[in-house]
Amino acid sequence: MIEQEFMHDLANRIENHVRNSKGFEEDSFVNPFSPVDSVSAFAAARRIIAEHNHDVFIAVAPEGHVYGFFFEHFGASVLSVHVGYPPRECSVLDDLSAIRGRRVLIIEDDVASGTTLRLVLDAIQDAGPESIDLFLGRRKHQQILENIDLRINRTYLPEDILQAEQQAVYEADFVRAFSRPSAP
């Protein structure tokens, strides 16, 4: 079992990461700036990075950066797009020329109506990615998966790609990874 103080400290680091990311909104009241399950987010990000199936990572700000934190921990450079609430338009916050002909992973917390995802896909489609996959950080029962746009090739949910019997290993690796002081 991971100590509550440890998890609280990490939650503060993640929130600071989100606050310093492109697309942060002070008044974002819809979703919290902390992961539902940090250990699963960490383990899923590690597995996805290790598979080498993606060249470019794009977080849907602000909540996507909650999970982008873990991808960056494993060396991924995460670009930003922003969709406010209610979702009406997608703002591209980074140069997307790097995604032309590349395999892209969109990092988001959830899919409800699918509007946010459609706006993001419309915004990045002209940049010409080879393929687009989706990582969703929240649990499956918190998603409306039938609203995932057909332009998405594969959807990653931590509970689908992780093995429950490995939970103790994930937790030990997680504690080792984040027990070290964070970089300034």
Side-chain angles (χ1 to χ4, degrees), residues 10-11 14-15 17-18 21-23 28 30-83 87 90 92-94 96 98-99 102-125 127 129-164 166-167 170 173-174 177-178:
L10 183 62
I14 294 169
E15 183 174 339
H17 169 80
V18 173
S21 298
K22 292 181 181 178
S28 183
V30 179
N31 292 319
F33 293 139
S34 60
V36 171
D37 180 345
S38 293
V39 173
S40 292
F42 164 83
R46 178 175 61 189
R47 179 169 173 181
I48 291 167
I49 293 287
E51 289 175 352
H52 301 287
N53 290 331
H54 304 96
D55 307 306
V56 180
F57 301 82
I58 300 175
V60 181
E63 292 91 350
H65 282 291
V66 169
Y67 299 96
F69 173 86
F70 296 103
F71 286 88
E72 289 182 7
H73 175 79
F74 292 107
S77 177
V78 178
L79 303 176
S80 297
V81 297
H82 177 268
V83 178
C90 178
V92 175
L93 304 176
D94 284 307
L96 296 183
I99 74 171
R102 308 299 295 270
R103 301 166 301 168
V104 174
L105 180 71
I106 296 173
I107 304 167
E108 176 63 305
D109 62 339
D110 62 13
V111 169
S113 69
T115 302
T116 296
L117 185 55
R118 279 190 298 280
L119 291 168
V120 170
L121 289 167
D122 290 346
I124 70 173
Q125 203 70 50
E130 175 186 316
S131 63
I132 304 172
D133 292 341
L134 175 65
F135 172 84
L136 297 171
R138 292 184 174 272
R139 294 194 173 99
K140 188 181 285 188
H141 74 274
Q142 297 173 303
Q143 313 286 348
I144 304 176
L145 299 175
E146 59 268 19
N147 289 336
I148 295 176
D149 193 286
L150 295 176
R151 292 175 282 181
I152 296 296
N153 295 320
R154 180 174 179 191
T155 300
Y156 295 88
L157 292 150
E159 65 203 87
D160 288 346
I161 63 172
L162 300 176
Q163 300 169 336
Q166 293 293 311
Q167 186 65 26
Y170 301 147
D173 291 349
F174 174 82
F178 293 110

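As the structure is a prediction and not an experimental result, all values here were calculated from the model.
- Residues D173 and R46 are in side-chain contact: their nearest non-hydrogen atoms beyond the backbone lie under 4.5 Å apart.
- When all heavy atoms are compared, the tightest approach of N153 to S131 is ND2-CB, 3.0 Å.
- L96 and A127 get closest at one heavy-atom pair: O-CB, 3.7 Å.
- Among all heavy-atom pairs drawn from A123 and V92, the shortest one is CB-CG2, 4.0 Å.
- Partner of V111 under the side chain to side chain contact (heavy atoms under 4.5 Å, CB included) criterion, chosen from L145, N147, I152: N147.
- Classified by interplanar angle (parallel below 30°, tilted 30° to 60°, perpendicular above 60°), the ring pair F42/F70 is perpendicular.
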L162 vs S40, test: side chain to side chain contact (heavy atoms under 4.5 Å, CB included). Steps then yes/no. CA-CA 8 Å; L162 300 176; S40 292; 3.9 Å; yes

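- In this structure, CD in E72 is found 10.0 Å from CD1 in I49, a value given to the nearest 0.5 Å.
- Nearest heavy-atom pair, P129 versus V104, reported as atom, atom and distance to 0.1 Å: CB-CG2, 3.7 Å.
- Here the OH-CD1 distance, from Y67 to I107, works out to 11.5 Å after rounding to the nearest 0.5 Å.
- I161 contributes atom CD1, which lies 7.0 Å from atom CZ of R154 (distance to the nearest 0.5 angstrom).
- Proximity of I14 to S34: side-chain heavy atoms (C-beta onward) are nowhere separated by under 4.5 Å.
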The test is side chain to side chain contact (heavy atoms under 4.5 Å, CB included); show your working for C90 and V120 and say whether it passes. CA-CA 6 Å; C90 178; V120 170; 4.1 Å; yes

I'd like a table of donor-acceptor pairs (distance under 3.5 Å, sequence neighbours excluded) in which one partner is a side-chain atom from residues 74-82, with atom names and distances.
residue: S80; atom: OG; partner: H65; partner atom: NE2; Å: 2.7
residue: H82; atom: NE2; partner: E25; partner atom: OE2; Å: 2.3

So F135 and H54, ring pair (Phe, Tyr, Trp, His ring centres under 6.0 Å) or not? Walk me through it. CA-CA 11 Å; F135 172 84; H54 304 96; over 10 Å; no

Verdict with supporting geometry, D122 and R151, side chain to side chain contact (heavy atoms under 4.5 Å, CB included): CA-CA 10 Å; D122 290 346; R151 292 175 282 181; 2.9 Å; yes

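- The side-chain contact (heavy atoms from CB on, under 4.5 Å) search around Q163 returns E165, Q166, Y170, not counting sequence neighbours.
- Using a 4.5 Å heavy-atom threshold, the side chains of I148 and Q143 count as separate.
- Rounded to the nearest 0.5 angstrom, L134 CG and L105 CG are separated by 7.0 Å.
- Each of D110, D37, D160 was compared with R139 under the salt bridge (Lys or Arg N to Asp or Glu O under 4.0 Å) criterion, and only D37 meets it.
- Taking both residues in full, the closest heavy atoms of A98 and V56 are given as O-CG2, 3.6 Å, listed atom of the first, atom of the second, then distance.
- No side-chain heavy atom of I48 sits less than 4.5 Å from a side-chain heavy atom of D133.
- Ring centroids of F69 and F178 are separated by less than 6.0 Å, placing the two rings close together.
- When atom types are taken as modelled, the side chain of D109 and the backbone of R138 share no donor-acceptor pair closer than 3.5 angstrom.
- Checked against side-chain contact (heavy atoms from CB on, under 4.5 Å), E130 has the following partners two or more places apart in sequence or in another chain: R103.
- Here the side chain of E159 pairs a donor or acceptor atom with the backbone of K140 at under 3.5 angstrom.
- Note that CD1 of I106 is 9.5 Å distant from OG1 of T155, once rounded to the nearest 0.5 Å.
- Atoms CD and OG1, from E63 and T116 in turn, are 8.5 Å apart once rounded to the nearest 0.5 Å.
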